[in-house]
Amino acid sequence: MNWKKEAMNGWKPRGEVMVGDTARDAVGDYQYGFHDPENATIRFDKGLSEQVVRDISELKGEPEWMCELRVKAYKRFVEMPMPTWGNCDILEQIDFDSVIYFLRSSEGTEKDWDDVPEDIKNTFERLGIPEAEQKWLGGVTAQYESEAVYHSIRSDLEEQGVIFLDMDSGLKQHPEIVKKWFGSVVPHSDNKFSALNTAVWSGGSFIYVPKGVHVEMPVQAYFRINAKNMGQFERTLIIADEGSSIQYVEGCTAPTYSTESLHSAVVELIAMDGAKIRYSTVQNWSANVYNLVTKRGIAHKDATIEWVDGNIGSKLTMKYPSVILKGEGSHAEVISVAYAGGSQHQDTGAKVHHLAPNTTSNILSKSISKNGGRSSYRGMIQVSPKAHDCRSKVVCDALLLDPDSQSDTYPTMEVGNSSADLEHEASVSKVSGDQLFYLMSRGHNEAEAMAMIVNGFFEPFTRELPMEYAVELNRLLELEMEGAIG
Amino acid sequence: MEEEVLRIAGLHVSVDGTEIIKGLDLSISIGEIHVIMGRNGAGKSTLANVIMGHPAYEITSGTIHYRGQPLEELEVFERARAGMFLSFQYPLVIPGVQVGTFLRKSVQAVRGEKAPTAREFRKELKTHMEAMGMERSFLARYVNDGFSGGEKKRLEMLQMLLLTPQLALLDETDSGLDIDALKVVATGINSIAPEAGCLLITHYQRMLEHVKPDYVHVMIDGCIVKTGGAELAGELEERGYEWLETAG
Ligand SMILES: Nc1ncnc2c1ncn2[C@@H]1O[C@H](COP(=O)(O)OP(=O)(O)OP(=O)(O)O)[C@@H](O)[C@H]1O
Ligand SMILES: [Mg+2]
């Protein structure tokens, strides 16, 4: 994987040209706006209390320590103030009492697609999940509301000792590993939303890759919120043991409701010496989802952690994938795009903590704002006094599609060692009338021309995604452009 | 039998309140090659842009008809789909969009139902690129991004050949080309010329060694002041424009 060098070198092509037709089947402005009737088998009342937390744990038959951790986290959540950054006005609108914290829609996690309940199966089939598995994935988890409904892993990976489970099964089958690492990267007391997640988490992925094992095909998780007022609080933990590598891909959607949903996940990555983890996300939430996610990884000696993070939609997204470069020679790569449409705020960015010598990081953040949307880049680069000869490069590019939209950057650098080599570049650009004229003179209407420019702007991100995701993302952006131009 | 593709009558054009084209008439038929020459700033590009529908220019009076239809009814992309093509004097960079994707989408947009299948398209593309001496690796680059002047002009030509226009407006496509590239461009123009009307904007006679114009127009300060045959270009090259400038 030679992604590191390429990604930051600006506009380098993927190499292959796609000649062919991309299918189009729009379902209105927000493509995944359909929803299915809720057929819950267990559904909690709205609102949160210590009892709700204990009930979730008991229902899942968890060990005592997990139940106690949840309760402790719940208490922290109640005490802790809201974050003071991001968008305080929107954060204050969250009504925690109107959220449903747990909803079970299937009796268990199926290994055979045919055994998944019909309505849920339909949903995922409309999202293209089972076909993708056959074509290009090493394993799949599909989560519907609070829990995984389907799960599979290729047998050759299983034989090599790779563990890929939904988090609930992970806790049941490998309690000792989970206990050792759960919360070790993102403690429950990290922030209000990590406390909330620790208290009510359900589902998510648990992955362990043994020493020296390279998982060549990406493994994928798909998260779907279907019910109104639903909160989704998945918890993901990935441990890549020494010299191993894995690529994990997740996609998320929710239907369009007039009421709000809350998505608050925690992701913890641990890359042991010489290991490599790439975590790719494409989130496409409807415009009334609060998306408040804590993602953090620890990279040990010579390890690499890469976050490839795409955020489309939601009412407010606050997400700053971070990497703690703990071991000498470790490397962090964060490449993210955000698309903020009307009345949406994408507050995203990246944080890298250089704690060891000779550590390097690259951050590329690209955002597009449209119809009065707002994107903010919030980043932090920290170099500790002992960490000599560190290098970091941050590039932030914002593209504004109209005069009503907004973009801002809040970069922070705390540098404790003078040998550090740090670069920061930021640019804000607008789509030029001459670019549009050029494309329109080639037969493209305004929406198509805009979509081409937007897709091109995101290309450094898109080319890092598996092809299926890249095509899907381009198509989503085309729909976004169509929706807004009359 | 001649078929008129473009008719311009009494055209006045302003940008930001300043008049640039000040009463211009021009008629182009299928199979004809027209050349416009004139000093920097005379309004040549403005004319080409206005015909294509650039929104920055305001037509204050006069009319433009394309195959009998008043152009004001058509948006820029509709003009392209109706068979009009403009080769830009300064082609635009579209970051992140690969040439191959861009060409395929443009061909689909412009040729619509008559667009070639993916396979036919690849074949056409290959033929034209070979004829133009373009490397395949061009397709993976981003549109005009980091292109040399000559490469940009070649890409414009490639687009013209793929989009099969009935009216081709070529704004200084011959500028900055080496001798080989010039021949390539000329070959391209000659190949579409029998079925299209061509308007070539140029500063140099050398292009006209390879392309035989039916008319040469001299544009000064927003007006066509003289029209002649191919020999006029040679005269201009020798004598400059001063002798055509009438007092007043
Ligand atoms: N968009 C614009 N805004 C302001 N002025 C413009 C614009 N377009 C053209 N002009 C002005 O109109 C006049 C004619 O410009 P035009 O580009 O048409 O000249 P040209 O004949 O093509 O010159 P050249 O040979 O240098 O290409 C110039 O004075 C130019 O500055
Ligand atoms: Mg010009």
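Lettering follows sequence order; numbering is per chain, from 1.
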Spatial distance of atom CG (A:L439) from atom NZ (B:K105) [nearest 0.5 Å]: 10.5 Å
A:Y438 and B:N144, any side-chain heavy atoms less than 4.5 Å apart: yes
Just how far is it from atom CZ of B:F77 to atom CZ of A:R442, taken to the nearest 0.5 Å? 15.5 Å
State, to 0.1 Å, how close B:M52 and A:S441 come at their nearest heavy-atom pair, and which atoms those are. CE-O, 3.8 Å
Under 4.5 Å from any heavy atom of chain A - which part of B:F85: side chain
Largest heavy-atom contact set with chain A, pairs under 4.5 Å, which of B:Q159, B:H54, B:R81: B:H54
Check against side chain to side chain contact (heavy atoms under 4.5 Å, CB included), B:V76 and A:E446: CA-CA 9 Å; B:V76 178; A:E446 193 176 345; over 6 Å; no
With a 4.5 angstrom heavy-atom cut-off, is it the side chain or the backbone of B:V93 that approaches chain A, or both, or neither? backbone
If you count every heavy atom of other residues, nucleotides or ligands that lies below 6.0 Å from B:R7 atom CZ, does the total exceed 12? no
Quick check: closest heavy atoms across B:I94 and A:I453, and the distance to 0.1 Å? CG2-CG1, 4.5 Å
Give the member of B:G112, B:S106, B:S137, B:A109 that has the highest number of heavy-atom pairs under 4.5 Å with chain A. B:S106
Of B:V107, B:T117, B:V97, the largest count of non-hydrogen pairs under 4.5 angstrom with chain A goes to B:V97
Start with the C-alpha gap between A:F437 and B:L86, add the side-chain angles, then the distance that decides, and say whether side chain to side chain contact (heavy atoms under 4.5 Å, CB included) holds. CA-CA 11 Å; A:F437 176 60; B:L86 171 60; 4.2 Å; yes
Over all heavy atoms of both residues, which pair between B:A80 and A:G443 is shortest? Give the atoms and the distance, please. CB-N, 3.4 Å
